[in-house]
Amino acid sequence: MNTIQLDPQGRLKHFLGIEGLPKALLIEILDTATSLISVTEQTVKKVPLLRGKTIVNLFFEPSTRTRTTFELAAKRLSADVLNFNINTSSSSKGETLIDMLRNLEAMHCDLFVVRHAAGGAAHFMAQHVAPHISIINAGDGRHEHPTQAMLDMYTIRQYKEDFASLRVAIVGDILHSRVARSNIHALMTLGVAEVRVVGPNTLMPKGIAMMGVKVFNRLKEGLRNVDVILMLRLQRERMQAALIPSVHEYFQYYGLTEAILDVTHPGAIVMHPGPINRGVEIDSPVANGERSVILQQVSNGIAIRMAVMAMTLKAIPELKDTR
Amino acid sequence: MATLSIIGGRVIDPAAHLDLITDLHIAAGKIVAVGTPPNDFKAERQIDVQHKIVCPGLVDLGVRLREPGAEYKGTIISETRAAANSGITTVCCPPDTNPVIDTPAVAELLQQRAAHSGMAKVLPLAALTRGLAGEQLAEMGDLKEAGCVAVSNVLPIVNTEVLRYALEYAANCELTVFIHPREPWLGVHGCVHEGAVSTRLGLSGIPETTETIEVARHLFLIETTGVRAHFCRLSTARAIKMVKQAQTQGLPVTADVSAHQLFLTETDINNYNSQCHVYPPLRTQQDKTALRTGLLQGGVDAICSDHQPHEADAKLSPFAMTAMGISGLDTLLPLCLHLAEEMSMDLTTLLSYVTTKPAQILGIDAGTLAVGQPADICIFDPNDSWQLAPENMRSKGHNSPFLNWKFKGRVIYTLINGKVVYTGC
């Protein structure tokens with residue numbers, strides 16, 4: 001998976017997924033984000049790294065949070081930003097993805113940020129796009145959501161000394177989650193002690209253990225002695241698909257409550273990619289509680305997205321000059 | 001009366017367990033002698049084929065011609081020519097054309113156009129139910145009269161009572177039923193085998209049970225209705241085992257596999273290679289091994305191309321959104337020869353899976369070089385090495401995961417009814 005993402009010098013050309021990327025590159029992304037985070041705290045929240053560049057947000061799936069943070073990240077790097085929210089009805093008017101790609105290329109854009117319901121969509125675009133254009137995957141089906149995983153790693157690094165000693169539990173709808181897959185790859189690459197996935201069998205993809213994780217069906221066992229809990233959002237459509245009986249029962253068995261946090265490591269942090277469903281996968285006191293770092297994740301998301309945009313567009317040497 | 005002698009080739013006829021360097025003599029479109037010609041025989045033309053292999057023309061149990069309905073993907077002319085140029089002299093066309101082959105008119109149209117093209121013979125399969133909708137029976141008797149060699153619904157028949165009556169009625173018409181086992185609900189949104197690869201790529205999976213449950217449902221009904229049945233394109237080890245067991249019990253069932261399933265597995269999808277988007281999906285290494293073993297130990301009776309040509313755009317989208325299928329006519333014989341080499345299988349046995357056995361499944365006069373049979377013959381050079389490229393594919397569809405593969409063995413002559421329809425170099 002990494003060959004198409006890297007240029008011949010091993011630098012990031014596209015950012016499609018975490019799978020196959022070397023540890024050093026993940027660390028470089030985190031370090032670049034660290035150097036950029038101060039920008040977001042200044043009164044003038046802008047650096048000229050991507051001045052004159054045009055970034056297109058191509059969202060084939062509805063999203064507010066991710067699209068907004070990508071937009072903010074681009075603007076803070078002084079890039080021009082175009083937002084395309086393509087609902088399925090307009091893309092089903094006959095224009096194929098490849099035709100759309102050619103049209104956007106003709107507008108001389110530099111970077112596409114893509115979210116699409118089909119796994120591999122970003123990969124497909126990277127294979128077919130003109131050579132000077134970079135692609136960042138903002139979520140492709142159930143496959144990967146690599147900027148989310150990197151902002152999660154960034155957040156973990158803020159709170160924990162090193163990755164090597166960590167036990168991390170990812171809890172919920174693993175089957176449909178691109179966040180889970182990207183996080184598993186990132187955590188394994190960064191060399192944590194243990195990655196666990198916790199959820200009912202119906203929401204657990206077949207063969208997930210082959211990714212190197214331990215599978216748990218019981219929340220209490222899955223959370224025992226963990227340092228990081230990564231909760232996943234439960235889509236309400238899962239009931240219609242007969243995957244779970246009810247929100248009520250799901251919360252009984254897989255909802256994160258203050259009581260169940262007792263089994264974790266005392267310093268455990270609680271993360272969630274958002275938007276959260278209070279009373280479905282997470283209890284309000286936990287979401288608002290002192291272990292919750294959910295809002296910190298959102299802030300970090302901007303710095304991570306700035307880092308990845310600047311790296312794929314090769315603007316980082318300039319950054320080092322300006323420092 | 002046109003006469004022709006094929007001189008000095010290695011003649012392989014799986015039906016007669018013949019593998020001998022000898023001559024073949026043809027008159028009036030039929031084989032009149034193997035070895036010494038009849039007394040009064042005088043060949044108008046001689047073809048010298050020393051060091052070449054002469055075998056029955058291949059019989060392919062699954063070929064989408066795309067006509068009528070999707071002529072931009074392929075036509076009867078383009079695809080029957082591609083078949084003939086690949087040594088395939090008879091092709092079975094499933095009824096899922098547009099319109100569906102559920103009336104004698106469509107069946108006749110297909111055969112007339114095929115006859116007009118003068119290339120590979122086309123045998124239509126009739127729909128089992130009208131419009132393949134799984135509700136009302138198609139006019140199987142009339143369709144048989146119109147030249148359909150078997151019946152098939154391609155799509156699942158959800159209502160088991162309708163399925164039962166359809167099988168009973170087919171038995172009544174003495175028609176073999178071709179079954180594409182696909183449980184209607186399991187993995188209905190899937191596009192790849194459910195397992196480690198579907199999980200890694202985040203693609204919806206199609207479990208093994210989609211195939212096995214449907215094979216089981218049919219086997220029970222085959223037993224009670226007594227219909228002769230053929231399972232198409234099996235992909236799982238378990239289904240092969242079930243068919244083998246049924247055969248051992250004496251049920252009138254046979255099965256085929258696609259040539260590509262004998263070579264590719266789910267891991268070939270790698271980074272969303274849409275050329276590997278097929279139905280049934282590419283399965284595991286164990287399944288592939290079981291399919292190969294089934295050829296030798298029972299459960300698999302024939303190999304077909306499962307030819308499904310597509311225009312280039314059909315494969316140019318994110319994986320799940322691409323059309324399913326492989327353009328397989330060009331690679332059927334080359335893959336089979338490759339298989340014989342990999343499995344150290346003798347050529348007589350190997351060729352039986354694409355000649356004699358499929359002909360027996362269809363109950364047609366083909367797949368053998370016996371005296372009196374139509375002279376449908378494939379002659380190939382077993383030592384000619386070549387590489388598959390879009391430029392050298394004969395099908396209109398260039399959608400193949402085997403592009404750039406190196407093959408050994410290339411067709412140099414194809415004869416249909418004693419007439420040379422293809423000459424390679």
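Every chain is numbered from 1, with letters handed out A, B, ... down the list of sequences.
A cation-pi geometry, defined here as NZ or CZ lying under 6.0 Å from the six-membered ring centre and within 45° of its normal, does not hold between Arg115(A) and Phe60(A).
For the pair Arg200(B) and Glu19(A), the salt-bridge criterion is met [side-chain N within less than 4.0 Å of a carboxylate O].
Both the backbone and the side chain of Ser204(B) come within contact range of chain A, with heavy atoms under 4.5 Å apart. Heavy atoms closer than 4.5 Å to chain B are found in the side chain of His116(A), but not in its backbone. Residue Arg178(A): no heavy atom, backbone or side chain, is found under 4.5 Å from chain B. Of the atoms belonging to Ile208(A), heavy atoms from both backbone and side chain fall under 4.5 Å from chain B.
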Apply side-chain hydrogen bond (donor to acceptor under 3.5 Å, both in side chains) to the pair Thr69(A) and Arg305(A), showing each step before the final yes or no. CA-CA 8 Å; Thr69(A) 52; Arg305(A) 280 154 189 152; 2.7 Å; yes

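Annotation: maximal heavy-atom pairing with chain A below 4.5 Å, among Gly205(B), Gly202(B), Ser198(B), occurs at Gly202(B).
Residue Thr322(B) forms a side-chain hydrogen bond (donor to acceptor under 3.5 Å, both in side chains) with just one option from His277(B), Gln275(B), Lys315(B), and that option is His277(B).
Closest heavy-atom contact between Cys191(B) and Leu203(B): SG-CB, 4.0 Å.
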